[in-house]
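In the text below, chain A, chain B and the rest are named by the order of the sequence lines, each starting its count at 1.
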Amino acid sequence: MKYKIPTGTKDVLPSDIHKWHHMEDKIRDVMTRFNYREIRTPIFEYTDLFKRGIGEATDVVGKEMYTFLDKGDESLTLRPEMTASVIRSYIENHLGEQQPLNKVYYLGPMFRQERPQKGRLRQFHQFGVEAIGSPHAAQDVETMLVSLTVYEELGLRNLSFKINSVGCRDCRPRYREELVKFLNGIKDRLSEESKNRMASNPLRILDSKNKGDVEATKNAPLMKEFLCDSCAPHFAEVQKKLKDHGIEFQIDGRLVRGLDYYTKTAYEIQSDDLGSQNALGGGGRYDLLCEDLGGKPTPSVGFAAGLERLLIVMESLPDSSIPVSGLDVYFIALGLRAQDALMPQMHAIRRRNLRCDIDFLQRSLKAQMREANRHQAKKVVIVGDQELDAGEAVIKTMETGEQISVPIAQLVEELTRR
RNA sequence: GUGGCUGUAGCUCAGUUGGUUAGAGCGUCAGGUUGUGGCCCUGAAGGCCGGGGGUUCGAGACCCCUCAGUCACCCCA
């Protein structure tokens, strides 16, 4: 085969598209009820935005970005995530000047050049929200509720919901010092990767999956023990509000997440159906990002979640709760005269909001019936020379097999009745 | 970037220690019904056995290289 799809990308074929529509419809529905409005930003941005926004030390920026020079020698990058783009747009369009709190959501493709595996593609899709402007724990909790509601209403169960606080620029440095002190004591037991991270981002050593690292850091100090007078009550309040909502969660003191901009709250929703890449979505607060990108200090919180991963979990549900719908009417014309007579009728019925189709291959009645069945047609209209001469059409109800004859002139009325 | 596994029909997969013409199920198409779907029966079409090289009288199978997929590491959605 000469042409192949690029590594790490997937076609969504017509036979699967209803699953995507189902997810997308539910996401937009929930977002709307929570009063988040969609924002659409370009698929690419100037490379510096992501370097500054996500952090030079992160894996995303360090080794996963699709970066290229355009014909004007500008360095552009296919977006690896949305938060930096959204904040750029928020600042650039002065959204904060028009109202103090902006709640936005997005849904679209992201790009990271990594080795694909289960639940990880080079072009993948995320939905997410950003609530820009509120420093309060209630806002953290609302974003959590958005994602949990989407999952809940799509029928997902048995998810695990983990939260942590990663502190702020006041308390994190103090903690980081303590942590490095501890890590130095057990340095020789750490993996190479973790040793390399000692200088750049020691916090992430804690959520390493390497068994040796996990064992070695078992007694490491945790951020939650070092939270400052601002972060500690905030974290406590998030927990209290979650309990008020009856939301089950676990505190995971080692949850850090790989994006540099998080402050205070960090959270992740996981599923066991996902294999090794078990995060369905995650998010947190990023109170410093806006000013880092040249805007005014603006406390914000948001999450991002993967659609491909959501799809994997949905497909693992015992009874596929993804609705499929068939045609309302399939038109069977035996001969071109009959086709000429039926197409205007079909058009009129399509204009009355029914889903219809007709055979375009001039095949046998039997073949056309099979086609009707394949499309799960509720009714079939059959017209051949006999009917044509009588000015009539046969309407067959597929489920019961019952057939009636009606004048062709009354087809529209007959089929759209009820 | 590193490692494991897998590449045979549209899909899912068999294929014996290397041996004649490469199979099955599903799907597709047709017939069984002069103009009636699903279920059933019958038949047909559909394969450079991922690609290249090598060993051999003989390779889908063995060896080497290569490409692709997949899973895992790292990290994340």
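- Ranking B:C75, B:G35, B:G37 by closeness to the A:Arg204 side chain, first place goes to B:C75.
- The base of B:G37 lies outside donor-acceptor range of the side chain of A:Glu371, with no N or O pair under 3.5 Å.
- Comparing B:U36, B:A72, B:C75 by their nearest atom to the side chain of A:Gln277 picks out B:C75.
- Salt bridge A:Glu38/A:Arg28: present, at least one basic N to carboxylate O contact under 4.0 Å.
- Comparing B:A30, B:C75, B:A77 against the side chain of A:Arg370 picks out B:A30 as the nearest.
- Among the atoms of the strands shown, base atoms are found under 4.0 Å from some heavy atom of A:Glu387.
- Taking every side-chain heavy atom of A:Lys118 into account, B:A72 is the closest of B:A77, B:A72, B:C75.
- Residue contacts shown for A:Thr58 are absent, as no nucleic acid heavy atom lies under 4.0 Å away.
- In this model, a side-chain donor or acceptor of A:Glu114 finds a partner on the base of B:A77 within 3.5 Å.
- Nucleic acid contact for A:Gly128: none, since no nucleic acid atom lies under 4.0 Å from a heavy atom of the residue.
- Straight-line distance between the P atoms of B:C39 and B:G10: roughly 23 Å, to the nearest whole Å.
- On the C1' atoms, B:G15 is 29 Å away from B:A30, given to the nearest whole Å.
- Mapped onto RNA chain B by nearest heavy atom, A:Ser364 and A:Tyr262 fall at different nucleotides, with A:Ser364 at the one closer to the 5' end.
- As rounded to whole Å, 17 Å separates atom C1' of B:G37 from atom CD1 of A:Ile395.
- Salt-bridge check for A:Glu178 with A:Lys181: passed, with a basic side-chain N closer than 4.0 Å to an acidic carboxylate O.
- One cannot find a donor-acceptor pair under 3.5 Å joining the base of B:G38 and the side-chain atoms of A:Asn373.
- Taking the P atom of each, B:C64 and B:G69 are spaced 23 Å apart, rounded to whole Å.
- A donor-acceptor contact under 3.5 Å is formed by the side chain of A:Lys396 with the base of B:U36.
- Using a 4.0 Å cut-off between charged nitrogen and carboxylate oxygen, A:Asp252 and A:Lys224 do not count as a salt-bridge pair.
- No donor-acceptor contact under 3.5 Å links the side chain of A:Gln368 to the base of B:U36.
- Heavy-atom neighbours of A:Arg157 CZ from other residues, nucleotides or ligands within 6.0 Å: above the threshold of 12.
- Picking from B:G3, B:C75, B:G37 the nucleotide with the shortest atom distance to the side chain of A:Arg115 gives B:G3.
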